[in-house]
Amino acid sequence: MKKYLSIILCLIILTAAAFFVLNINVTTRQGINYQWHTVKIPLYLKLLDFFDRHYNYKELVKRITLNAKDDRVKAMRIFEWTCNNLKRAPQTLPVVDDHVWHIIVRGYGARDQFSDVFSTLCNYAGLDAFYTWVYTQERTSRIPLSFVELSGKWFIFDPYNGAYFTNAQGLPVDIDAIKLGNSWRVKHLRTEINPTDLDVDYSRYFGNFPDTKKAALRKANIQSPVNRLFFEIQKRIK
């Protein structure tokens with residue numbers, strides 16, 4: 001009898017401790033028109049929101065890449081989905097920056113948010129991907145570009161303009177080929193946008209492409225629980 005009472009007492013203590021810990025206030029950040037605010041929420045709510053987004057990403061990517069076996073097909077399907085389902089943020093609405101999933105739900109985003117969505121979904125499809133701002137040589141202008149590794153080579157995508165790079169045969173061309181000066185052309189998917197808005201001279205940015213030997217843990221690839229755990233450990237070690 002005493003053994004069962006001890007077990008029950010331990011369970012009560014553990015339950016009380018878990019309840020206390022899960023109700024501790026933690027912080028999350030939200031940006032409105034690039035002004036950042038810190039919001040306090042209980043830990044249990046932050047965990048629930050995190051796993052809710054995680055499983056929504058998985059389900060969405062499963063639908064987008066249904067029956068796709070080739071990584072290049074997966075990347076192109078995700079790219080097409082991003083271009084077709086996200087709209088450029090109307091000037092009358094605020095630019096909200098909190099979680100990538102919320103961008104998908106809202107259906108519109110700023111320039112870098114298109115790349116954020118595309119790169120995040122690529123990672124959930126098992127592709128190594130990230131996005132970063134790339135400057136011109138003279139650093140007078142910058143654009144966000146997404147980078148995806150396919151068959152050991154890195155390819156460039158601009159989801160905001162629906163642009164990617166192909167050779168004369170219409171096949172995607174990788175960063176190394178572009179840097180070597182091989183012939184390339186820009187292909188656009190976002191045909192609903194005024195052509196003058198798509199007129200970007202990408203050659204001005206080629207000299208500042210990031211080192212793509214390996215994508216570090218960034219926002220776009222720390223949305224899953226395992227990667228997020230590694231990211232938090234690395235952050236605290238540094």
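Only heavy atoms go into these numbers, but all of them, side chains included; no hydrogens, no water, no symmetry mates. In this chain, residues are counted from 1 in sequence order.
- Taken to the nearest 0.5 Å, the OH atom of Tyr135 stands 10.0 Å off from the CG atom of Asn208.
- The backbone N or O of Lys40 lies less than 3.5 Å from no partner atom in the side chain of Asn25, so there is not a single donor-acceptor pair.
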- request: For side chain to side chain contact (heavy atoms under 4.5 Å, CB included), just list the numbers for Phe114 and Asp158, CA-CA rounded to whole Å, side-chain angles, deciding distance to a tenth of an Å, and then say yes or no.
  value: CA-CA 8 Å; Phe114 278 72; Asp158 179 2; over 6 Å; no
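- Here the side chain of Asn161 pairs no donor or acceptor atom with the backbone of Ala163 at under 3.5 angstrom.
- Scanning both residues, Asn84 and Lys87, for their nearest heavy atoms gives O-NZ, 4.0 Å.
- Remark: Arg29 qualifies as a cation-pi partner of Trp36 under the 6.0 Å distance and 45° angle criteria applied to the six-membered ring.
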| Please walk me through it: do His102 and Val96 pass side chain to side chain contact (heavy atoms under 4.5 Å, CB included)? | CA-CA 9 Å; His102 295 169; Val96 182; over 6 Å; no
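- Within the 4.5 Å cutoff, the side chain of Leu45 has no heavy atoms near those of the Leu43 side chain.
- Here the two rings, on Phe165 and Tyr202, have centers that are under 6.0 Å apart.
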Discussion item. Side chain to side chain contact (heavy atoms under 4.5 Å, CB included) for Val73 and Thr65? Distances and angles first, verdict last.
Written reply: CA-CA 8 Å; Val73 174; Thr65 62; over 6 Å; no
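- Atoms CZ and OG, on Phe157 and Ser119 in that order, are 10.0 Å from each other to the nearest 0.5 Å.
- In this structure, CZ in Arg106 is found 10.0 Å from CG in Leu93, a value given to the nearest 0.5 Å.
- With sequence neighbours excluded, the residues that form a side chain to side chain contact (heavy atoms under 4.5 Å, CB included) with Asp71 are Lys74, Leu127, Leu150.
- Using a 4.5 Å cut-off between side-chain heavy atoms of Ile, Leu, Val, Met, Phe, Trp and Tyr, with links allowed through other members, Tyr108 and Trp101 fall into different hydrophobic clusters.
- Closest of all the heavy-atom pairs between Val26 and Lys46 is CG2-CD, 3.7 Å.
- Aromatic rings from Phe118 and Tyr131 are positioned such that their centres are separated by 6.0 Å or more.
- Note that NZ of Lys69 is 6.5 Å distant from CG of Asn67, once rounded to the nearest 0.5 Å.
- Tyr164 is listed as a side-chain neighbour of Phe79, based on a closest heavy-atom distance under 4.5 Å.
- Minimum interatomic distance between Ile156 and Leu145 (heavy atoms only, all atoms of both residues): CG2-CD1, 4.0 Å.
- Minimum heavy-atom separation, Leu121 to Val61: O-CG2, 3.5 Å.
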Solution key, residues 137-144 side-chain donor-acceptor pairs under 3.5 Å, sequence neighbours excluded:
residue, atom, partner, partner atom, Å
Glu138, OE2, Thr140, OG1, 3.4
Glu138, OE2, Arg204, NH2, 3.1
Ser141, OG, Tyr205, OH, 3.0

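- Across all their heavy atoms, Asn123 and Ala129 have their closest contact at ND2-O, 2.9 Å.
- Side-chain rings of Phe206 and Trp184 approach one another, their centers coming within less than 6.0 Å.
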inquiry  = As a quick check of understanding, evaluate side chain to side chain contact (heavy atoms under 4.5 Å, CB included) for Phe155 and Arg72, giving each step before the final call.
reply    = CA-CA 10 Å; Phe155 294 81; Arg72 188 166 297 182; 3.5 Å; yes
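- Judged by distance alone, the side chain of Arg88 and the main-chain N or O of Arg111 form no donor-acceptor pair under 3.5 Å.
- Between Ile64 and Arg77, the shortest heavy-atom distance links the atoms O-CD, 3.2 Å.
- Partners of Lys62 by salt bridge (charged side-chain N to carboxylate O under 4.0 Å, His left out), not counting sequence neighbours, listed by chain and number: Glu59.
- Judged by distance alone, with hydrogens and angles left aside, the side-chain atoms of Asp52 form no donor-acceptor pair with the main-chain N or O of Leu48 at under 3.5 Å.
- Distance OH/Tyr57 to OH/Tyr124: 6.5 Å, rounded to 0.5 Å.
- Of the inter-residue distances, the one linking Asp70 atom CG with Ser151 atom OG reads 6.5 Å to the nearest 0.5 angstrom.
- Between Phe130 and Phe147, the ring planes lie parallel to each other; the angle is under 30°, not in the 30° to 60° tilted range.
- Val105 is connected to Leu86 through a chain of hydrophobic side-chain contacts under 4.5 Å among Ile, Leu, Val, Met, Phe, Trp and Tyr, so both are in one cluster.
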